[in-house]
A.B. asks: 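Here's a structure for you.
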Amino acid sequence: MTRLLTKFRTHFTLVLFTAFASFAHAETPAADSTSADSAAIDSAQKLSPFDHLGHNMLLSAFGWPLGFHMLGGALTYKFSMGNNDLMVARFAARQDQLVSGIAFGPGMMMGTFFPILVPGYMYFISDNRALNNTGAVAVQATAVAFLYNNILKAISAREHPDAELNSGERSRDFKWGFFRRGVFYGWPSGHSMTNAAMAMSIASYNRDKPLVVAGCALYAGYIATSMVLGAKGEAHWFSDAVAGTLMGASIGWYIGSVFYKEKIGEKRTPPKVTIAPLFYNDTKGAVLSVRI
């Protein structure tokens, strides 16, 4: 039975990978001239994951996504102090292992490999220019979310759930500092954050395709749910997934928006504050410029 379950997860994940990569490039009839023009522009230009990287990294943390980062932190405090995390973890621990494995095992595997496979296929392997550009956006959003997530995990060092030892105190076990528990233990959920960033960057860049937007949102939700209810609930607390999804989705949507505005030809207003690294043989530091 275990071998059959493993084989099912592998085949199911491969099928979903093919479907997700194709779905992200789903064609819908152009509703107006703007959609047609954006499609023509998307086919003509070639994007790179390094385009606007410094600007997007800075404002993914301190632009409007900061509100969602703070909301994720506030909800984590509420859910851990109110024992909501504990109740969800105990519910997950009571589930039948076979049923839970079939329902959420593929999601945990997808959450591990899709942030590499999906953008990689789109950008490096596909010979479709529009799909290449979507892949460039997804690569950047996933990388930024991965970087920020590892920084947060290294600082927070939150204990993972344990089906046999779960308690309210365990759900509130943070060890603030640097690398107190490495980067494998901590808050928020890396799978939820990187997959939400990948999915919502694709959705944001293809916002004129409603099916793509809906599919990406459902995918991000499924990954977050799998990280909470899969593996007897021992992967992450409920608030880890909620915070990770909010943070990753806001990063992905912001980065996708920057590229989408460029795709449709909208003039982009330069940021008021810009920080650029400065490296010379005798001078190292940063340059701060303020637009008045």
A.B. asks: For Phe124, what residues pass the ring-ring contact (aromatic ring centres under 6.0 Å, His included) criterion, not counting sequence neighbours?
C.D. replies: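 Applying ring-ring contact (aromatic ring centres under 6.0 Å, His included) to Phe124 gives none.
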
A.B. asks: Going by the rule ring-ring contact (aromatic ring centres under 6.0 Å, His included), which residues pair with Phe174 if we only count those two or more places apart in sequence or in a different chain?
C.D. replies: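 By the ring-ring contact (aromatic ring centres under 6.0 Å, His included) rule, Phe174 matches Trp176.
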
A.B. asks: Using a side-chain heavy atom cutoff under 4.5 Å and only I, L, V, M, F, W and Y, what cluster partners does Trp237 have?
C.D. replies: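 The other cluster members (ILVMFWY side chains, heavy atoms under 4.5 Å, direct or chained): none.
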
A.B. asks: Can you tell me which residue pairs pass the side-chain hydrogen bond (donor to acceptor under 3.5 Å, both in side chains) test with a partner in residues 68-81, sequence neighbours excluded?
C.D. replies: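 Output for this query lists Thr76-Trp187.
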
A.B. asks: Checking side-chain polar atoms at under 3.5 Å, does Tyr219 have a donor or acceptor matched by the opposite partner on Asn195?
C.D. replies: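 Checked: Tyr219/Asn195 side chains pair up, N/O donor to acceptor below 3.5 Å.
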
A.B. asks: Could you check whether Tyr260 and Tyr205 have their ring centres less than 6.0 Å apart?
C.D. replies: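 Tyr205 vs Tyr260: aromatic centres not under 6.0 Å.
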
A.B. asks: Any side-chain donor-acceptor pair under 3.5 Å between Arg90 and Asn83?
C.D. replies: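 No, no side-chain donor-acceptor pair sits under 3.5 Å.
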
A.B. asks: Is a side-chain N or O of Ser201 found less than 3.5 angstrom from the main chain of Met198, in a donor-acceptor match?
C.D. replies: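 Between the backbone of Met198 and the side chain of Ser201 there is a qualifying donor-acceptor contact (under 3.5 Å).
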
A.B. asks: Tell me every residue that passes side-chain contact (heavy atoms from CB on, under 4.5 Å) with Ile125, counting only those two or more places apart in sequence or in another chain.
C.D. replies: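 Once residues adjacent in sequence are excluded, the partners of Ile125 under the side-chain contact (heavy atoms from CB on, under 4.5 Å) criterion are Tyr121.
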
A.B. asks: Under the side chain to side chain donor-acceptor pair (under 3.5 Å) test, which residues partner Asn150, sequence neighbours left out?
C.D. replies: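 Side chain to side chain donor-acceptor pair (under 3.5 Å) list for Asn150, sorted by chain: empty.
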
A.B. asks: If a pair satisfies side-chain hydrogen bond (donor to acceptor under 3.5 Å, both in side chains) and one of its residues is in residues 109-118, list it, with sequence neighbours excluded.
C.D. replies: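 Counting only pairs at least two positions apart or across chains, the side-chain hydrogen bond (donor to acceptor under 3.5 Å, both in side chains) contacts touching residues 109-118 are Thr112-His191.
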
A.B. asks: Would you list the pairs meeting side-chain hydrogen bond (donor to acceptor under 3.5 Å, both in side chains) in which at least one residue belongs to residues 238-251, sequence neighbours left out?
C.D. replies: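 Listed by first then second residue: Asp85-Ser239, Arg158-Ser239, Arg158-Asp240, His236-Asp240.
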
A.B. asks: May I ask you to list the residues sharing a hydrophobic cluster with Met87, side-chain cutoff 4.5 Å, ordered by chain and number?
C.D. replies: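 When side chains under 4.5 Å apart are linked, Met87 ends up in no cluster with other residues.
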
A.B. asks: Any donor and acceptor pair, going by atom type alone, linking the side chain of Glu262 with main-chain N or O of Val258 inside 3.5 Å?
C.D. replies: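 Not a single qualifying donor-acceptor pair exists.
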
A.B. asks: Taking Arg207 for its side chain and Gly256 for its backbone only, find out whether a donor-acceptor pair lies under 3.5 Å.
C.D. replies: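 No.
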
A.B. asks: Whether Glu159 and Lys175 form a salt bridge (side-chain N of Lys/Arg under 4.0 Å from carboxylate O of Asp/Glu) is what I want to check.
C.D. replies: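 No, Lys175 and Glu159 are not salt-bridged.
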
A.B. asks: Checking Ala143 now: which residues fulfil side-chain contact (heavy atoms from CB on, under 4.5 Å) with it, not counting sequence neighbours?
C.D. replies: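 If we apply the side-chain contact (heavy atoms from CB on, under 4.5 Å) test to Ala143, skipping adjacent residues, there are no hits.
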
A.B. asks: Look at the side chain of Asn133 and the backbone N and O of Leu47, then say whether any donor-acceptor pair between them is shorter than 3.5 Å.
C.D. replies: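 The answer is yes, because a donor-acceptor pair under 3.5 Å joins these two groups.
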
A.B. asks: Test: salt bridge (Lys or Arg N to Asp or Glu O under 4.0 Å). Region: residues 48-67. Which pairs qualify, not counting sequence neighbours?
C.D. replies: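 Sorted pair list comes back empty.
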
A.B. asks: What's in the same ILVMFWY side-chain cluster as Leu66, cut-off under 4.5 Å, chained through other members?
C.D. replies: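 Listed partners: Met70.
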
